Amino acid sequence: MLAVTCEGLKKRYGVHVALRGLDLEVPQGTLFGFLGPNGAGKSTTLRVLADLVRADEGTAKLFGHDVRRHVAATQRTTFLIENAVFPPWLTARDVLRRTASYMRVEYDKDVLERVGIPQARDRKTGGFSHGMKQRLGLACALQGKPDLLVLDEPQNGLDPQGLRAIRTILAEEHARGATVLVSVHRLAEVEGLCTHAAIVVNGRVARQGAVESLLGDDRPRLRLLVDDVAKALPLLQNAERDGDTIFLDGDHATAAAAAAKLTGAGIAVFELAPVRRTLDDIYLDEVEAPA
Amino acid sequence: MIGAWASFRAELRDLSRHPLAWLGALAVATAAAVIGAREPIRDNGYVIFEAAMQAAIPTAIYFLVAVAAISVAGDRTRGTVRWILPRPIARRGYVLGKAFAHAVLALVLLVLAVTSSYATAQGAGFGDVVSNVNGDEDDAVFRFVEDEAIEPEFSASTMRRRTMFATFLALPALLTATGIGLLVSTILASSAGAVIAALAVTAPLTYLPEVLGLTAENARNLPLRASTDYLDQVREFGRHLATASWPDYPATAWMWSIGIVVGLPLLAAALFFRRDITD
């Protein structure tokens with residue numbers, strides 16, 4: 001069952017094309033990283049899901065309901081779209097109460113503690129720092145225990161402590177069984193956290209799926225440190241040099257063969273290890289690939 | 001309509017602490033008291049009451065237009081609309097909830113205008129408002145003997161009460177003002193721009209009959225005209241109330257008034273429904 005489905009989303013703002021047929025599938029119960037550089041179309045996609053922006057073409061569904069036709073589609077979903085902003089005359093408690101009223105759920109008086117700003121309960125949001133507003137925005141999104149949280153760069157403006165809190169909350173919500181769709185452009189913030197990811201480039205999803213499968217799709221590589229690079233290089237196939245390091249395409253069998261060949265030629269092998277590619281590498285490959 | 005009730009309650013709370021709403025209330029009360037009291041004919045409370053209302057109602061109209069213009073556009077300027085709409089609140093519910101809240105504000109300002117105008121007029125006492133009156137002020141029997149040959153008899157207190165009631169004829173004008181403000185507010189994303197545009201639209205509408213060369217009868221079909229034709233309406237409506245029959249106030253005027261008062265918020269909601277929120 002899919003929590004989010006986007007099919008062929010296209011959106012143009014005047015001459016600027018934001019989405020060029022974006023397809024996205026977010027399975028239920030996943031912590032889904034929505035990755036892409038600035039201007040790739042992440043925010044526009046999330047705005048379409050929140051029904052703030054109408055796509056020119058294509059459909060967007062939450063739990064199988066078209067977001068344009070059913071307000072019910074968003075009833076199990078909470079959103080934090082870009083920077084959180086609130087009426088400056090309302091206190092944090094007012095904001096949470098009003099949010100609960102809009103959502104027709106119970107006001108959660110403990111949620112401010114969860115996001116780390118319990119002391120701000122009776123302060124007007126007009127005096128909040130950017131980071132505090134983001135935390136309050138997250139608190140609003142956590143109320144009512146939603147089945148799906150859609151968070152657009154929730155880490156914006158947060159200090160390291162806040163970033164850690166966000167990571168903890170995302171993990172807790174995921175553990176609770178909620179689906180979390182979080183858009184980021186700094187991969188370090190979700191690395192190791194996401195179960196699934198999609199990489200958006202130029203208004204399209206370049207790659208998406210389970211993180212393990214995204215990483216597994218890549219060709220295996222080996223890193224090799226030897227005492228004589230110049231002598232070793234001609235003995236190896238599909239190898240390239242980067243300073244004192246040799247990178248070699250291949251798997252474990254290739255590693256064994258290379259080790260045997262090099263030691264047989266009297267070359268000392270200091271290190272021979274598979275290169276573990278990260279989501280960051282895949283992301284950069286996609287972003288830097290020629291259009 | 002999902003979210004209309006929540007939107008109504010939130011907007012009503014915001015209006016209760018909106019400086020412009022309070023300034024409007026103060027201006028309406030002051031306009032009624034000061035301008036009404038300056039009316040040269042001081043010996044008749046009805047005349048003073050009418051003069052005070054004719055100052056208070058247009059004042060209320062312009063404040064209502066400005067406050068309504070800020071409503072949706074203000075949420076978009078601040079970016080708070082991104083917090084409200086995905087909660088989930090239907091866009092139509094969001095706009096109509098605001099429309100109802102501003103209608104309440106219109107009613108409050110009207111009551112304030114009537115109250116302060118009445119208080120001002122009370123100083124001079126309510127005397128002769130029609131062609132013939134017998135008896136002293138409180139026990140007087142008013143006798144209409146004008147061309148329509150209606151000859152009801154009722155006391156001065158009845159006349160006062162019914163005249164007060166007739167003042168609610170100004171309500172369509174006030175609701176139209178909120179409708180204009182709301183409509184502009186859903187079209188423009190800047191609250192300052194929306195206020196200027198809404199006032200710029202409202203001001204000429206008040207003088208539209210002169211521009212179009214309409215007869216007095218047709219001019220009354222324009223709801224905003226209720227503010228300037230107010231005196232006639234009060235007299236006419238008050239008199240017909242006295243006969244316990246519905247007035248021959250033009251049916252087209254009622255039709256236009258109701259149509260515009262209901263239609264403007266619906267149009268605003270429909271326009272907002274199609275709009276992208278990109279702020």
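Keep in mind it's a predicted model, so treat the numbers as computed, not measured. First the proteins, then the strands, lettered A, B, ... as listed; each starts at 1.
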Item to check | Neighbour count >12 (heavy atoms, 6.0 Å) for atom OH, A:Y107 | outcome: yes
Checklist outcome for this item: By residue number, those in residues 50-57 of chain A with heavy atoms under 4.5 Å from heavy atoms of chain B are A:A50, A:D51, A:L52, A:V53, A:R54
Item to check | Portion of A:V105 that has a non-hydrogen atom of chain B nearer than 4.5 angstrom | outcome: neither
Item to check | Portion of B:R275 that has a non-hydrogen atom of chain A nearer than 4.5 angstrom | outcome: backbone
Checklist outcome for this item: If one checks every heavy atom of A:L49 against chain B at 4.5 Å, the contacting part turns out to be neither
Item to check | Shortest non-hydrogen contact between B:T80 and A:V85, atoms and distance | outcome: CG2-O, 3.7 Å
Checklist entry - With A:K11, which residues qualify under side chain to side chain donor-acceptor pair (under 3.5 Å), at least two apart? => result B:D276
Checklist entry - Which pairs with one or both residues in residues 188-198 of chain B pass side-chain hydrogen bond (donor to acceptor under 3.5 Å, both in side chains), sequence neighbours excluded? => result none
Checklist entry - Does the side chain of B:R13 reach to within under 4.5 Å of the side chain of A:W89, using non-hydrogen atoms? => result no
Next on the checklist: Nearest 0.5 angstrom please: A:K133 NZ to B:W83 CH2, how far?
Outcome noted: 13.0 Å
Checklist outcome for this item: Correct closest heavy-atom pair for A:P87 and B:R78 would be CA-NE, 4.3 Å
Next on the checklist: Taking side chain as everything from C-beta outward and backbone as N, CA, C, O, which of these in B:F273 sits under 4.5 Å from a heavy atom of chain A? Side chain, backbone, both or neither.
Outcome noted: both
Item to check | salt_bridge(A:D152, B:R82) N-O dist < 4.0 Å | outcome: no
Checklist entry - Under a 4.5 Å cut-off applied to non-hydrogen side-chain atoms, are A:F79 and B:L85 in contact? => result no
Item to check | Where A:R104 and B:G3 come nearest, the two heavy atoms and their spacing | outcome: NH1-N, 4.3 Å
Next on the checklist: Tell me every residue that passes ring-ring contact (aromatic ring centres under 6.0 Å, His included) with B:F8, counting only those two or more places apart in sequence or in another chain.
Outcome noted: B:W5
